[in-house]
Amino acid sequence: MSANTAGTGTAGFSIGPEEDADEFEQELWATVDEVPDPHIPVSLVDMAMIYDIEVDAGEVTVTMTYPCMGCPAYDMIQDDVRAVLRTVRGVTDVTIEVTWDPVWSKDMLTDRAREELRDAGIGL
Amino acid sequence: MSADAESRWPAVARDYVQAIADTKLLLGQRYGEWMLKGPNLEDDISGASNGQDEIGQVRQLFRLLEKQGVDRDWLETDREPAEYANAQPLDEEAEAWPTFMVQVALSDRAAWLLLDAIRHEDFTGMVQKMGEDEYFHLEHHDARLETLAVDQPEAVEAALERYFPGILAFIGPATYGAGEDPLVEADFTDRAVAEIRGAFREHYVDLFAGTDVTVPALTDDVPDPDEWDEKRRRSGDGHIDQRVADQLQGVTNREYVIE
Amino acid sequence: MKYHVFTRNRSGDDMIHAGTVQADSDRLARIYAHRTYDEEDWDFMGVVREEDLLEVNEEPISSRGVA
């Protein structure tokens with residue numbers, strides 16, 4: 001592969017709010033954590049599809065990725081994220097940035113997601 | 001996203017990505033047309049997956065083009081057939097299976113080589129992800145062409161002769177060597193067109209080695225550098241049918257769209 | 001040619017017979033198997049040509065054959 005290969009491995013990759021996230025940011029993460037992946041019974045956060053949530057005076061930017069580039073639910077998922085965040089008091093606008101850096105991998109799944117997928121009979 | 005990532009690409013880079021995106025858009029269309037017509041169910045399943053992958057990739061390339069100031073409506077629904085910059089072989093619907101396999105194999109591989117040459121940071125991770133899809137497309141094509149080269153060598157060779165000039169035009173003119181390729185000069189790509197042409201042909205020479213299929217030679221005047229349209233990466237003013245443009249733009253289904 | 005597709009979820013699991021594919025070559029069979037049966041993140045997926053699958057028969061041994 002050429003220069004456009006993203007960093008290998010997921011060392012240092014963490015899901016969820018940073019340790020110094022304030023209460024509002026924590027609330028935004030918890031809110032997005034309510035959005036289920038339409039294909040399997042885990043949330044977008046547990047699926048490690050949400051890379052970052054930033055707030056600037058009520059304007060929220062969600063940086064996210066997809067396990068599959070041709071995802072048929074691509075727009076639906078973004079609509080769900082926008083819809084759920086707009087209900088949070090203090091949010092004035094929601095922007096979604098799609099990124100492929102780093103490329104999603106199943107190694108990023110949270111332990112909770114692994115457990116729920118196993119319970120649902122989906123192999124990892 | 002950093003300010004750097006939002007920086008403008010040079011115009012030649014925008015045209016280059018547009019041509020790759022439109023080629024993938026037409027690949028999606030052609031895979032779709034053949035989805036129920038392959039020689040067996042397994043080819044149809046693979047083709048349907050390939051088509052879905054292409055449309056997913058187009059969505060990402062259009063997203064980047066939009067960030068570069070290209071109008072979204074123009075990209076998706078508001079274009080004349082002659083404004084599509086797809087690889088010329090995809091202008092037509094292939095009439096037979098071996099012809100179709102050669103058509104999509106050459107187009108998909110050429111588009112991948114052009115994508116993989118991009119080194120701009122806006123593509124970090126994205127091209128790697130596309131490569132995960134493309135492995136299966138290219139492997140399917142090559143495995144199929146191997147069997148077709150044995151079963152129907154004349155049909156494969158005829159299709160290669162028919163589509164090679166258009167594919168070479170899509171890759172670019174032979175005059176774009178290491179020091180003369182404007183995209184390499186702009187640091188947008190790291191592999192000159194002349195080198196990609198060589199690697200592309202070499203791949204098929206190796207694939208068809210030991211069969212009755214001869215791969216057309218590389219000639220420096222195909223495409224004629226003076227006639228070559230940099231924007232549409234082809235020679236001449238051919239284009240897809242209006243009917244195909246209508247399908248790509250969802251004209252007949254527009255009344256069902258929920259805004 | 002007909003190929004049988006075998007998979008398993010995790011190393012050490014029993015192999016599952018996922019299904020079959022029709023293919024003109026081993027290389028095609030691998031691609032078709034992946035494209036058709038890749039609904040899970042398999043630890044292993046393999047294809048076997050049907051003609052290479054040998055039936056194990058249980059036939060009575062002739063009493064005269066036993067010394």
Side-chain angles (χ1 to χ4, degrees), chain B residues 27-28 31-32 34-54 56 97-98 100-102 104-105 108-109 112 131-153 155-156 203-204 206-211 213, chain C:
Chain B
L27 274 168
Y31 282 127
W34 272 87
M35 198 166 65
L36 298 173
K37 297 193 292 189
N40 63 25
L41 181 63
E42 288 83 350
D43 282 314
D44 292 344
I45 291 170
S46 294
S49 297
N50 295 353
Q52 183 183 344
D53 291 341
E54 296 298 347
W97 172 251
F100 167 70
M101 277 316 290
V102 172
V104 292
D108 215 345
R109 179 170 295 277
W112 166 247
E132 290 176 8
D133 295 343
E134 288 303 323
Y135 168 78
F136 293 104
H137 301 197
L138 305 187
E139 186 64 13
H140 178 209
H141 301 147
D142 284 356
R144 246 300 166 217
L145 290 177
E146 273 180 357
T147 66
L148 286 168
V150 173
D151 298 340
Q152 301 181 60
V156 171
H203 176 82
Y204 290 105
D206 289 347
L207 184 71
F208 293 122
T211 73
V213 173
Chain C
M1 280 178 287
K2 187 173 175 180
Y3 290 79
H4 291 267
V5 183
F6 294 94
T7 59
R8 74 175 171 223
N9 264 332
R10 272 180 284 184
S11 170
D13 281 0
D14 290 341
M15 208 85 94
I16 301 161
H17 184 252
T20 60
V21 289
Q22 284 285 347
D24 292 344
S25 71
D26 293 354
R27 190 176 181 187
L28 271 173
R30 287 196 187 97
I31 280 288
Y32 292 157
H34 182 275
R35 280 309 209 184
T36 311
Y37 297 105
D38 187 42
E39 75 273 18
E40 299 221 25
D41 193 7
W42 307 114
D43 163 66
F44 172 88
M45 176 183 275
V47 291
V48 180
R49 287 187 194 186
E50 184 165 77
E51 66 196 43
D52 290 338
L53 207 54
L54 307 181
E55 186 178 356
V56 180
N57 292 316
E58 190 177 316
E59 287 172 7
I61 299 169
S62 155
S63 58
R64 269 185 294 177
V66 180

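A quick note: this is a predicted structure, and the numbers were derived from the prediction, not measured. By convention in this document, chain letters (A, B, ...) are assigned in the order of the sequence lines, proteins followed by strands, and residues within each chain are numbered from 1.
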### Query
Does C:Arg10 pair with C:Asp43 as a salt bridge, N-O distance under 4.0 Å?
no
### Message
Is there a side chain to side chain contact (heavy atoms under 4.5 Å, CB included) between C:Arg8 and C:Ile16? Walk through the geometry before answering.
### Response
CA-CA 6 Å; C:Arg8 74 175 171 223; C:Ile16 301 161; 5.7 Å; no
### Query
Take atom CG in C:Asp14; do more than 12 heavy atoms of anything else shown fall under 6.0 Å from it?
no
### Summary
Tightest non-hydrogen contact, residues B:Ala105 and B:Leu145, listed as CB-CD1, 3.7 Å
### Task
For C:Val21 and C:Ala29, work out which heavy atoms get closest and say how close.
CG2-O, 4.0 Å
#### Entry: Audit row: C:Phe6, C:His17, side chain to side chain contact (heavy atoms under 4.5 Å, CB included) steps and yes/no
CA-CA 5 Å; C:Phe6 294 94; C:His17 184 252; 3.5 Å; yes
Across chain C and chain B, what donor-acceptor pairs are shorter than 3.5 angstrom?
{"residue": "C:Gln22", "atom": "N", "partner": "B:Glu42", "partner atom": "OE2", "Å": "2.7"}
{"residue": "C:Asp24", "atom": "OD2", "partner": "B:Arg144", "partner atom": "NH1", "Å": "3.1"}
{"residue": "C:Arg27", "atom": "NE", "partner": "B:Glu139", "partner atom": "OE2", "Å": "2.7"}
{"residue": "C:Arg27", "atom": "NH1", "partner": "B:Glu146", "partner atom": "OE2", "Å": "2.6"}
{"residue": "C:Arg27", "atom": "NH2", "partner": "B:Glu139", "partner atom": "OE1", "Å": "3.2"}
{"residue": "C:Tyr32", "atom": "OH", "partner": "B:Asp43", "partner atom": "OD1", "Å": "2.5"}
{"residue": "C:Tyr32", "atom": "OH", "partner": "B:Asp43", "partner atom": "OD2", "Å": "3.2"}
{"residue": "C:Arg35", "atom": "NH2", "partner": "B:Asn50", "partner atom": "OD1", "Å": "2.7"}
{"residue": "C:Arg35", "atom": "NH2", "partner": "B:Asp53", "partner atom": "OD2", "Å": "3.1"}

